[in-house]
**Student:** 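The structure follows.
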Amino acid sequence: MNAGWVIWAAVALDLLIGDPRWLPHPVIGMGKLIRAVEQRIRRRVTSPLGLKRAGVLLPLIVVGSSFALTWLLIAALTRVHPWLGIGAEAVLIATTIAIKGLRDAGLEVYRDLWSGNMTQARRSLGMIVGRDTDHLDEPEVVRGTVETVAENIVDAVVSPLFYALIGGAPLAMAYRAVNTLDSMVGYKNEQYAQLGWASARLDDAANWIPARLTAGLLVAASALLSLKWRRALHIVRRDARKHPSPNSGFPESAVAGALGIRLGGENRYQGVVSFRAFMGDPDRPLRAEDIRTTARLLLAVSLMFAILGTAILILVQEMGGRLWL
């Protein structure tokens, strides 16, 4: 069975069922492992220098364990029967992506806005962002939703599929461990400045290529969906590097250009004001329909990347090469 079909099976599974709550998710196990390793480190290390050194050990343990356990599971199931290994590969890759979950979360905010329920729209947005949402008006709720969906096209779709195409489920799961580490310890605050620095840098490095691929795919998807693809390309070139993250500015600026809107601006986190550089131009006010359009871009990019990746896998295998580990 061609490895590309495993990728398509994973994408189909995610689109059909997403991440059902009754099914144990690997990220939960990763989170427990991260907390256990962190607690053990903090019991033994207290100095800033020691914590910084331990910051390298933390991702080595968590990412290495995620890769090794996934590889061993698939290898064991493949020995029982090849189709068991193939099925496990598809299911595990599906758990590393979140096309349906990200799309549904964005459209939930859209439905709340469409029904005129601003209170619920703010709550729905608060479920997917870290900023304060209690007093946002409709354009700001739209901005927060569009920014979140756009940014997460990278780490919820393109990055895990990118690594799955290179190294199958083990490498996709290793990427998900990197991303989980960053979300849990990759903060530039007093608690994690030393222990989380390596995890944050590793996440930046892991997403560097996928973020730029995503921007290119968003430009192509904009053309496919009759949006402003030339504007998207221009805004990526002009604004992507203004973002404080080395990667997040690429998908956000591409979406801003494609929609003809401006993203970025003032956000509040637990009452503290933070300003994020503007992406795009305020050609028109933001409206709820922008969320639906961003969800369409998300789906288009996901399918385009699956097609592109499958084509590359087939080409490499026809030439006698091998991408999967």
Side-chain angles (χ1 to χ4, degrees), residues 99 102-103 106 129 131 139-140 142-163 165-166 175 179 182 200-267 274-287 289-309 311-312:
I99 306 167
L102 183 57
R103 182 175 179 272
V129 299
R131 71 190 70 174
E140 285 298 294
V142 172
R143 177 171 75 87
T145 308
V146 170
E147 287 175 351
T148 299
V149 173
E151 178 182 358
N152 281 285
I153 294 173
V154 178
D155 57 14
V157 184
V158 175
S159 284
L161 286 179
F162 175 80
Y163 290 105
L165 287 164
I166 296 172
Y175 168 76
N179 189 247
D182 182 62
R201 297 279 181 85
L202 184 58
D203 185 75
D204 288 342
N207 285 311
W208 199 91
I209 293 175
R212 286 146 183 83
L213 283 174
T214 302
L217 288 167
L218 281 166
V219 171
S222 300
L224 186 66
L225 297 175
S226 300
L227 299 173
K228 300 178 180 181
W229 69 269
R230 290 184 181 87
R231 189 66 174 167
L233 182 60
H234 169 70
I235 297 300
V236 168
R237 289 172 172 169
R238 191 191 74 184
D239 293 344
R241 290 175 178 82
K242 295 178 182 177
H243 200 284
S245 161
N247 300 314
S248 298
F250 285 86
E252 287 189 30
S253 60
V255 169
L259 272 59
I261 59 175
R262 187 173 72 178
L263 301 176
E266 185 179 288
N267 300 324
S274 174
F275 182 82
R276 183 168 293 178
F278 290 123
M279 304 271 157
D281 297 314
D283 297 338
R284 60 168 178 81
L286 285 90
R287 50 179 181 253
E289 192 63 29
D290 293 326
I291 298 173
R292 282 185 63 185
T293 306
T294 306
R296 290 168 61 207
L297 283 168
L298 159 67
L299 186 58
V301 166
S302 302
L303 297 177
M304 288 171 69
F305 188 74
I307 292 169
L308 177 64
I312 292 171

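Not measured: the values here are computed from a predicted model.
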**Student:** Between the main-chain N or O of L286 and the side-chain N or O of D290, is there a donor-acceptor pair closer than 3.5 Å?
**Tutor:**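 It does not hold such a pair.
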**Student:** Just by modelled atom types, is the D204 backbone N or O under 3.5 Å from a matching donor or acceptor in the N247 side chain?
**Tutor:**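 Confirmed, N247 side chain pairs with D204 backbone.
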**Student:** In Å, rounded to the nearest 0.5 Å, how long is the span from CD1 of I291 to OG1 of T145?
**Tutor:**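 Answer rounded to 0.5 Å: 4.0 Å.
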**Student:** Determine, for D239 against K242, whether the closest basic-nitrogen to carboxylate-oxygen distance falls under 4.0 angstrom.
**Tutor:**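 Salt bridge between D239 and K242, a charged N being under 4.0 Å from a carboxylate O: yes.
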**Student:** Can you tell me how far CG of L102 sits from OG1 of T294, rounded to the nearest 0.5 angstrom?
**Tutor:**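 It comes to 10.0 Å.
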**Student:** Verify the neighbour count for atom CD1 of I307: are there more than 12 heavy atoms of other residues, nucleotides or ligands below 6.0 Å?
**Tutor:**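 Yes - once you tally the heavy atoms of other residues, nucleotides and ligands closer than 6.0 Å, there are more than 12.
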**Student:** Between V158 and P210, which heavy-atom pair has the shortest distance, and what is it?
**Tutor:**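 Looking at all heavy atoms of both residues, the shortest contact is CG1-O, 3.8 Å.
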**Student:** Do any pairs count as a salt bridge (charged side-chain N to carboxylate O under 4.0 Å, His left out) and have a residue in residues 151-163, sequence neighbours left out, and if so which ones?
**Tutor:**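 Sorted pair list comes back empty.
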**Student:** Might you point out which heavy atoms bring V157 and S302 nearest each other, and give the distance in Å?
**Tutor:**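 Smallest interatomic distance, heavy atoms only, reads CG1-OG, 3.3 Å.
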**Student:** At what distance, to the nearest 0.5 angstrom, does CG of L218 lie from CG of L227?
**Tutor:**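 One gets 10.5 Å once the value is rounded to the nearest 0.5 Å.
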**Student:** Give, for atom NE2 of H243 and atom CZ of R276, the distance between the pair rounded to the nearest 0.5 Å.
**Tutor:**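 CZ of R276 is found 4.0 Å from NE2 of H243.
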**Student:** Run the side chain to side chain donor-acceptor pair (under 3.5 Å) test against S159 and tell me which residues pass, sequence neighbours left out.
**Tutor:**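 Testing S159 for side chain to side chain donor-acceptor pair (under 3.5 Å), a comparison that skips the adjacent residues, returns N207.
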**Student:** So does R238 have more than 12 non-hydrogen atoms from other groups sitting under 6.0 Å from CZ?
**Tutor:**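 Yes, enclosed.
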**Student:** Please report the C-alpha distance between V142 and R287 in whole Å, then the side-chain angles of each, then the deciding distance to 0.1 Å, and finally whether the side-chain contact (heavy atoms from CB on, under 4.5 Å) criterion is met.
**Tutor:** CA-CA 7 Å; V142 172; R287 50 179 181 253; 5.9 Å; no
**Student:** Please output the side-chain donor-acceptor pairs of residues 252-265 that fall under 3.5 Å, not counting sequence neighbours, one pair per line with the distance.
**Tutor:**
from: S253; atom 1: OG; to: G249; atom 2: O; distance (Å): 2.6
from: S253; atom 1: OG; to: F250; atom 2: O; distance (Å): 3.2

**Student:** Any chance you could lay out the salt bridge (Lys or Arg N to Asp or Glu O under 4.0 Å) test for E147 and R131, step after step, and finish with the verdict?
**Tutor:** CA-CA 12 Å; E147 287 175 351; R131 71 190 70 174; 2.8 Å; yes
**Student:** Which residue is it: V301, L297, L233? I am looking for the one with a side chain to side chain contact (heavy atoms under 4.5 Å, CB included) to S222.
**Tutor:**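 Output: one option passes, namely L297.
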**Student:** Of the non-hydrogen atoms in V149 and G106, which two are nearest, and what is the gap between them?
**Tutor:**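 Closest heavy-atom pair between V149 and G106: CG2-CA, 4.2 Å.
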**Student:** CG of L303 to CG of L298: how many Å apart, nearest 0.5 Å?
**Tutor:**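 One gets 9.0 Å once the value is rounded to the nearest 0.5 Å.
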**Student:** Which pairs with one or both residues in residues 210-237 pass salt bridge (charged side-chain N to carboxylate O under 4.0 Å, His left out), sequence neighbours excluded?
**Tutor:**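 Passing the test, one end in residues 210-237: R231-D281.
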**Student:** When you measure from the side chain of Y163 to the backbone of A206, do you find a donor-acceptor pair of N or O atoms at a distance under 3.5 Å?
**Tutor:**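 Yes, the answer is positive, given that a donor and an acceptor are paired below the 3.5 Å cut-off.
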**Student:** My understanding is that only residues two or more places apart in sequence, or in another chain, count here; which of them pass side chain to side chain contact (heavy atoms under 4.5 Å, CB included) with L308?
**Tutor:**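 L308 satisfies side chain to side chain contact (heavy atoms under 4.5 Å, CB included) with I312 once adjacent residues are dropped.
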**Student:** Minimum heavy-atom separation for G309 to L165, with atom names?
**Tutor:**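 That would be CA-CD1, 3.5 Å.
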**Student:** Would you please name every residue forming a ring pair (Phe, Tyr, Trp, His ring centres under 6.0 Å) with F305, sequence neighbours left out?
**Tutor:**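 With sequence neighbours excluded, F305 shows a ring pair (Phe, Tyr, Trp, His ring centres under 6.0 Å) to no residue whatsoever.
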**Student:** Are the side chain of T293 and the backbone N or O of E289 linked by a donor-acceptor pair below 3.5 Å?
**Tutor:**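 It does hold such a pair.
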